[in-house]
Enquirer: 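I'd like to ask you about the structure that follows.
The structure presented is a predicted model; accordingly, all values stated were derived computationally and were not measured. Residue numbers start from 1 in every chain, and the chains themselves are labelled A, B, ... in the order their sequence lines are given, proteins ahead of strands.
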Protein chains: 4
Amino acid sequence: MRTGIWLVGARGSVAVTSMVGALAIRASLAEPVGCVTELPALRHPALPALSELVFGGHDVSCVGLVKKAQALVAAGVLPAAVVAAVADELSAMEPEVRAAPEGRTQHDTVARITADLADFRARHRLERVVVVNVSSTEPLAAPHPAHADAAALAAALHTEQVLPPSSRYAYAAFTTGCAYVDFTPSTGARLPALDQLAAHHRVPYAGHDGKTGETLLKSVLAPMFAMRNLRVRSWSGTNLLGGGDGATLARPDANAAKVASKQRVLKETLGYEPEGHTRIDYVPDIGDLKTAWDLITFSGFLGSRMRLEFTWHGCDSALAAPLVLDLARLTAAAHAQGEHGALPQLAYFFKDPLGDVPHGLAEQWELLCRWVHGWPLAAADSGSGGPGGAADEHADRVADQDGAQPR
Amino acid sequence: MRTGIWLVGARGSVAVTSMVGALAIRASLAEPVGCVTELPALRHPALPALSELVFGGHDVSCVGLVKKAQALVAAGVLPAAVVAAVADELSAMEPEVRAAPEGRTQHDTVARITADLADFRARHRLERVVVVNVSSTEPLAAPHPAHADAAALAAALHTEQVLPPSSRYAYAAFTTGCAYVDFTPSTGARLPALDQLAAHHRVPYAGHDGKTGETLLKSVLAPMFAMRNLRVRSWSGTNLLGGGDGATLARPDANAAKVASKQRVLKETLGYEPEGHTRIDYVPDIGDLKTAWDLITFSGFLGSRMRLEFTWHGCDSALAAPLVLDLARLTAAAHAQGEHGALPQLAYFFKDPLGDVPHGLAEQWELLCRWVHGWPLAAADSGSGGPGGAADEHADRVADQDGAQPR
Amino acid sequence: MRTGIWLVGARGSVAVTSMVGALAIRASLAEPVGCVTELPALRHPALPALSELVFGGHDVSCVGLVKKAQALVAAGVLPAAVVAAVADELSAMEPEVRAAPEGRTQHDTVARITADLADFRARHRLERVVVVNVSSTEPLAAPHPAHADAAALAAALHTEQVLPPSSRYAYAAFTTGCAYVDFTPSTGARLPALDQLAAHHRVPYAGHDGKTGETLLKSVLAPMFAMRNLRVRSWSGTNLLGGGDGATLARPDANAAKVASKQRVLKETLGYEPEGHTRIDYVPDIGDLKTAWDLITFSGFLGSRMRLEFTWHGCDSALAAPLVLDLARLTAAAHAQGEHGALPQLAYFFKDPLGDVPHGLAEQWELLCRWVHGWPLAAADSGSGGPGGAADEHADRVADQDGAQPR
Amino acid sequence: MRTGIWLVGARGSVAVTSMVGALAIRASLAEPVGCVTELPALRHPALPALSELVFGGHDVSCVGLVKKAQALVAAGVLPAAVVAAVADELSAMEPEVRAAPEGRTQHDTVARITADLADFRARHRLERVVVVNVSSTEPLAAPHPAHADAAALAAALHTEQVLPPSSRYAYAAFTTGCAYVDFTPSTGARLPALDQLAAHHRVPYAGHDGKTGETLLKSVLAPMFAMRNLRVRSWSGTNLLGGGDGATLARPDANAAKVASKQRVLKETLGYEPEGHTRIDYVPDIGDLKTAWDLITFSGFLGSRMRLEFTWHGCDSALAAPLVLDLARLTAAAHAQGEHGALPQLAYFFKDPLGDVPHGLAEQWELLCRWVHGWPLAAADSGSGGPGGAADEHADRVADQDGAQPR
């Protein structure tokens, strides 16, 4: 079950941390701490092994993978000894990380992504490929009528700037028969036209916005207040972060997308919206060790007033990277099981999950476990037809029919 | 379904807060915030209504209930207007709060408690009574061979100081056919001889140590770390509290019992014991608004080091009181369903629950909900036989047969 | 030494808290906790006694003083018993709190304020009056050429909206021979034309922005880092507050004025500006018990990285009110000593002090103590000429000469 | 002005950090961040330059200096590049770090220390030597009559275990004509007999217990509350630390000494003792990055209740090391100026300073600055008599007269 993981933003902190980690765990240099698919509760033969993952990706940056890994050592994210030990293997991955294509039209851009994905799959004889978006957060996309229909979208790609980058990758993934995971709050596959494409090509997709810090805490604390029938009056959060993601999120438009994603869990879990805001501030000195401070005021029996404060000092890249590996393995396995369309069962991983799902972490965990244990223990491959089969067919269709839209 | 709730420590903060609260909610002066049996997920016809609860109890203190309630107003626990509104009704409860009996022998003491319980039940024509221990934490009890056998225990009561106070109340409750709940970390019903008695008298019991603050947070945060496969390296806690409970817990022996109870959730949930200690310090100025500060250090992917800190400012009496009402209602309903012996399904409420149960709050919640929804929707009374029936029968049996009954 | 204290915003939380407090301390119902002029280090016969202060003021609100005081009881700022005990006296102050005048021109408005001040002084036979601005924070005022010259300003008042409200009060105060203190970050007396007027009328003034919480802490912590030669890398602050001030500060323009005032101490004390921002968020549920959280990252020997976090839960009105009394007493004493113009010696009280002064609290304290102890021990009255003397003269001049501008 | 700094505990974290730091700063590999004698306010020609410091010392450990430095790199205290760059020079210091002598009698032990100090001074042609105790905290010493008199002490050394280790070093230092600084809370020179010896030999001494973290904060925050006339009601502190110091402080006897030292500032600064305790807990995982959490409850105007919490994450070795260099330079300069006996002017550096001194950091700072600026700008050497002079004389006296005690 050789499985490709194609990272959009492959030279960024999260991507490089996940590559280094996968290499280190394979070589028994590190334990798979932080990888939930390594917990006994989630082990399943349908999941590709970490050693079966093959990495590739796109990035607008051209900084070397080893150089980036060394920068992450300096930032305190990666241990120097591990990076030194895997540097050669990491370096060997360089050819698979391509410059992000930029065509004359969006159609051209998509075609080039498609070609890169198909090449990658063929060259490494991969059974399937999962495209994972770990690039920077985009501003909210402008609505467009073609978002509602796959055929209209295929036409619009020739003439208009109709899709934001994250959605171009989803488009390319689906038409190539690849699964797609959005680890960011960007638009990604969340357009009816793209959902139609995923259905047509029978590929699954998941998102949005990996749940790594403050929101992870919200997803266990908000249910605690709800279960105890305590009234949350206000929930205010401040996130201080440096690093590349911090700089992006300091832009008001990206900030807005992120903040909306972060507050959703409260409304969904409590059933009402408490007062308070979530702020994100860029403080370069903080670097990758993000600090979040939250103040929750609540009332209890007979109106008694109480409060909870927490401070989270977490390394976002280190929290995100193992989840990227988990998502690639789970989504590939789902694809192998013949599942397609949105995967609400992966809500556990996301701030802003797809579908009508529980928002409490414990319920999400149970949903995930039940899903995985519903798969047959003998490795299945329904919907794929063996190594290269369906995949190659998809690639051909894309090449021939210009858009691979459903008919 | 008139149900008695007999409070051991009936003039203490928790007891008086629960009395005032029950009166206020009945009178629609307050909403049942903090009462989990009022959540849609737990509503069930088998539960006695709040208006069906009748209060009584024992205490070594003789401060008036209204006076204590006013002291709780001054301490910021109870709202002045509510106390003023229910003062007459509260005052009317005075006759049911008796001086804690102290006989020449422990057998005498138990007999007097038994008599008070039986009188209370008869006088108010209660279908059943739940004895709830909300008195101060005791030191760990010295082991004694008679703890292993009900008959030996009945004999020892005549001649030795064999039972700590909390267990004398459990003994009296069981032999009178009353359920028993221990909201403290004291020994209570946790002796084989008492378990035999509960089985014999077919009464249920529950405990130990109400989960109201720091441990409540541990029971959602520790599972979060476990589910994310993050390694908790140390978990250190400091609890600063004033009030009566604080003074008691400053005594090293009581402190030890409490601290052991507080740390158990980590071992059970994580599967290992992280470094670190839990401290309890008595700071009179803090009063009832307890402050707990916890520092958790943990490591993630590739050994990255991270930390979480929280500060909880919670009013213990206000957090405990609604749970006392919940426990009385749930235990009475279980008794009515014919359940007896330890009730592990109530683990949700306790720091140190009975039985081999999950320690994560979400799993405990699910266990509780499933249990309640397993009861038939038509009010059952198996094992009771109608108002006064089974109860009186128990009292008779106790009188006639079968060891350990005081006369 | 009967001294008037004329509060701009006299029906607001700070003003009413200071009135209630002055009455309570006089009546020995409370100790002067929080009043720094009651510390042995600052006692001086030149200071008017608390019992010599006479209160008056303006406000746009017309809520009764007792009603406001009761609202402050409900908000947890004032103790119920104290408000009950002083309610009659507080009620007796009502006639001295007038509606904020609004004339056809700014000249008219100023003339009415002037008349109110002069009446107040005459009616109560006050030796002098200090006008203290405790109203809401204004947006930054638009620059105007007339701000540079008292004569031009007097002319402009007839035809233009040249002064923001805080400055109209400073204008009126100076021309009536009254001292002026600005407890807010508003413009107040900080215009060259007003400084000329203060010099001409030989009255002192002080400001800006009372230092009550987060900035107070900054003024001791920033010098600590500087004295230890530790490098502060970032200082980020979040202020959550409800109440009237919170609502005002949620307006971006007022917020900007306040935030600039709050950060100044860092630059001045450290000699450089660390990274990070100060945020103010309006959370109505927080009420008057403001919560500020600050994260300071710093580096030490050989680049070691460290951090300090603090959370301040302070009641702004209770922190401000005693300082308002202190400032009135100190400014009146300075006026009596013949001091006029800006009083940099009062920097201790302000976030954004006037003049070229130290910003560390300890140095400001020493400056204050040395200043007070430089006054002769026998009560002086230079520059005033006895009760009513100079003051009446000023009032006459204002009435006669329409503008009282220096020549 | 070549000056020796003889470190008791020379292979410990603080000592090695100060050696590495001095080498790095000399080589311009690092800026003197954290060194207060490098601030403009304290620069003075009487201070020996960092490049004039010569290191030596004793230790019971025999781990190599470079090896220890590398362990400090792993612990995150020292930067790898700096340690690599100074490794050779550090290695060259090895011969000057001797095994802590242990004679048959305490007299023998002292004589061997004396000999090592005299050799060190002679071999490096040092003008003077400062002995600095940076070893682990000792238990409180048992009282002994000979502590009161230098002659009795000299006699007792032959036959009894009369002095704790820290005091043996002070004894040896004084009789060799060396200054002594105690950076720990141990007994050190705080015995009348040792004070007599220092006077006799005209050498200065300083202590106790370097102020590096929680107590540093107390020394600015407690004066803030005092200056604002706010009433501190409780001050509770929890210190979590790993590393060697943590293990020592987990022993109850050492813990007691440290805790007493840490609370002193509150009593001295506030004028009363608030409620609350300071706790020290050993959590190995915390390592050198100590975490202190303090909760301060206080009341203000009219009894309003407020609170301040802080969390300090500080690297103790990195905070202490530059102060060790500062103290050596300042004490050597004082010695050169002819000052002897206790140096209360160094209170700024200590939790538990000698003499009747202010405890607020700002006043201590001013005292320090005034003291340094009282020294003549031309380098003086009174009381020494030139290189080797008085020092050699002392060494001789010690050798000849068995104890060098004044008669």
Enquirer: Mind listing the side-chain donor-acceptor pairs of residues 69-86 of chain B below 3.5 Å, one per line with the distance, residues two or more places apart or on another chain?
Expert:
none

Enquirer: Hey, are the side chains of B/Arg279 and D/His277 touching, using non-hydrogen atoms and a 4.5 Å cut-off?
Expert: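 When only atoms from C-beta onward are counted, D/His277 and B/Arg279 do not touch, as no gap falls below 4.5 Å.
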
Enquirer: Flag yes if more than 12 heavy atoms outside D/Glu268 fall under 6.0 Å of its CD atom; otherwise flag no.
Expert: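 Counting neighbours around CD of D/Glu268, more than 12 heavy atoms of other residues, nucleotides or ligands fall under 6.0 Å, so yes.
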
Enquirer: Nearest 0.5 Å, what's the CD1-CZ distance between D/Ile286 and B/Arg233?
Expert: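 The CD1 atom of D/Ile286 sits 10.5 Å away from the CZ atom of B/Arg233.
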
Enquirer: Among B/Thr297, B/Thr238, B/Asp281, which has the most heavy-atom pairs under 4.5 Å with chain D?
Expert: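 Highest number of pairs under 4.5 Å: B/Asp281.
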
Enquirer: Work out which heavy atom in B/Arg307 is nearest to a heavy atom in D/Thr291; give both atom names and the distance.
Expert: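 Smallest heavy-atom distance, with atoms named: NH1-OG1, 2.8 Å.
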
Enquirer: I'd like to know which of D/Thr311, D/Asp285, D/Val283 tops the heavy-atom pair count under 4.5 Å against chain B.
Expert: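 With the most close heavy-atom pairs to chain B, the winner is D/Asp285.
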
Enquirer: Identify which of B/Ser299, B/Ser234, B/Pro284 forms the greatest number of heavy-atom pairs closer than 4.5 Å to chain D.
Expert: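 With the most close heavy-atom pairs to chain D, the winner is B/Pro284.
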
Enquirer: Heavy-atom distance under 4.5 Å between the side chains of B/Leu240 and D/Glu275, does that happen here?
Expert: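 SC-SC contact between B/Leu240 and D/Glu275 ruled out.
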
